[in-house]
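Right, one structure below, let's go through it.
What you are looking at is a predicted structure, and each value in this text was computed from that prediction instead of being measured.
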Amino acid sequence: MSEGENKKPDFGLLYELYQDLKPGPKAELKRVMNPDDLAEIPAFYRLLQENKEYKKMQRIVYCLPFIEHQSQGDSLGRALAKANINEKRLFMVIRSLEPNDLIQLRRLLKQADKPTVDWLQMANALWWWDHPNQQSKRKILEDFFYYQNNK
């Protein structure tokens, strides 16, 4: 494996690049129906940062238009709990396989009306979304219930 092939992108830079896009390209990224549709959007390639992990970047860019970043902000699970997302809908995300899990997650982000999250933490969770040892989905669920049980 070559050096740049398994390197995580700079998620902070990715967020800045997205913010710097003109309204038209941002709207194109918002309108895609599923992560694979990003392959037909020029703005997606502008955000790739020469990253070879195409599928991982699709997951991240697919959700990016539906969040606001705040450094040291809420985790995704906590933000969804604060937005009063129904736990059954969150379980649909957790139990679904890709790409349906991401489609369901994006619907939750829309329902939560652009939750404010720590983007660096969320992007990292999406980066490792399909990795069995990272358990990103379970962490989202745990944060969701931890916040609900302690509010």
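Gln70 places no side-chain N or O within 3.5 Å of a backbone atom of Thr116 that could act as its donor or acceptor partner. Looking at Asp37, its side chain does come within 3.5 Å of a backbone N or O of Asn34 through a donor-acceptor pair.
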Steps toward side chain to side chain contact (heavy atoms under 4.5 Å, CB included) verdict (Trp128, Gln135): CA-CA 8 Å; Trp128 296 109; Gln135 302 176 348; over 6 Å; no

Check against side chain to side chain contact (heavy atoms under 4.5 Å, CB included), Leu109 and Leu76: CA-CA 9 Å; Leu109 295 173; Leu76 178 57; 3.7 Å; yes

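One finds the CD atom of Glu28 at 11.0 Å from the CD atom of Glu40 (value rounded to the nearest 0.5 Å). In this structure, CZ in Arg89 is found 10.0 Å from CG in Leu80, a value given to the nearest 0.5 Å. In this structure, Leu141 CG and Leu90 CG are separated by 5.0 Å, a value rounded to the nearest 0.5 Å. Note that the NE2 atom of His69 and the CG atom of Leu120 stand 5.0 Å from one another [nearest 0.5 Å]. In this structure, the separation between CG on Asn150 and CZ on Phe145 is 13.0 Å, given to the nearest 0.5 Å. Taken to the nearest 0.5 Å, the CD atom of Glu16 stands 12.5 Å off from the CG atom of Leu21.
In this structure the side chain of Met57 reaches within 4.5 angstrom of the side chain of Trp127, judged on heavy atoms. Asp118 is not listed as a side-chain neighbour of Met122, based on a closest heavy-atom distance of 4.5 Å or more. Looking at heavy atoms from C-beta onward, Val32 lies in side-chain contact with Arg106 at the 4.5 angstrom threshold. In this structure, the side chains of Leu102 and Ser96 stay at 4.5 Å or more apart for every pair of heavy atoms. A heavy-atom distance below 4.5 Å is found between the side chains of Asn124 and Lys8. Residues Ile85 and Gln111 meet the side-chain proximity criterion, which asks for heavy atoms closer than 4.5 Å. Side-chain contact between Val93 and Leu108 is present, with heavy atoms from C-beta onward closer than 4.5 Å. The side-chain heavy atoms of Leu29 and Pro65, taken from C-beta on, include a pair separated by under 4.5 Å.
Contact detail for Leu64 and Tyr15: the closest heavy-atom pair is CD1-CD1, 3.6 Å. Listed here is the closest heavy atom pair of Ser136 and Ala125: OG-O, 2.9 Å. Here the closest heavy-atom approach between residue Asn51 and residue Pro9 is recorded as ND2-CD, 3.4 Å. Asp143 and Ser75 get closest at one heavy-atom pair: OD2-OG, 3.0 Å. When all heavy atoms of Tyr18 and Leu47 are compared, the pair lying nearest together is N-CD2, 3.7 Å. Between Ala81 and Gln148, the shortest heavy-atom contact is CB-CG, 4.0 Å.
Under a cut-off of 6.0 angstrom, the local environment of CD in Gln72 is sparse, with at most 12 non-hydrogen atoms contributed by other residues, nucleotides or ligands. Within 6.0 Å of atom OH in Tyr146, 12 or fewer heavy atoms from other residues, nucleotides or ligands are found, so the atom counts as exposed in its surroundings.
Hydrophobic clustering of Ile, Leu, Val, Met, Phe, Trp and Tyr side chains at less than 4.5 Å, counting indirect connections, keeps Leu105 apart from Tyr147. When hydrophobic clusters are built by joining Ile, Leu, Val, Met, Phe, Trp and Tyr residues whose side-chain heavy atoms come closer than 4.5 Å, directly or via intermediates, Met92 is not grouped with Tyr62.
Between Lys55 and Glu98 there is no salt bridge, since none of the side-chain N atoms of the basic residue sits less than 4.0 Å from a carboxylate O of the acidic one.
Centroid-to-centroid, the aromatic rings of Tyr54 and Phe44 come within less than 6.0 Å.
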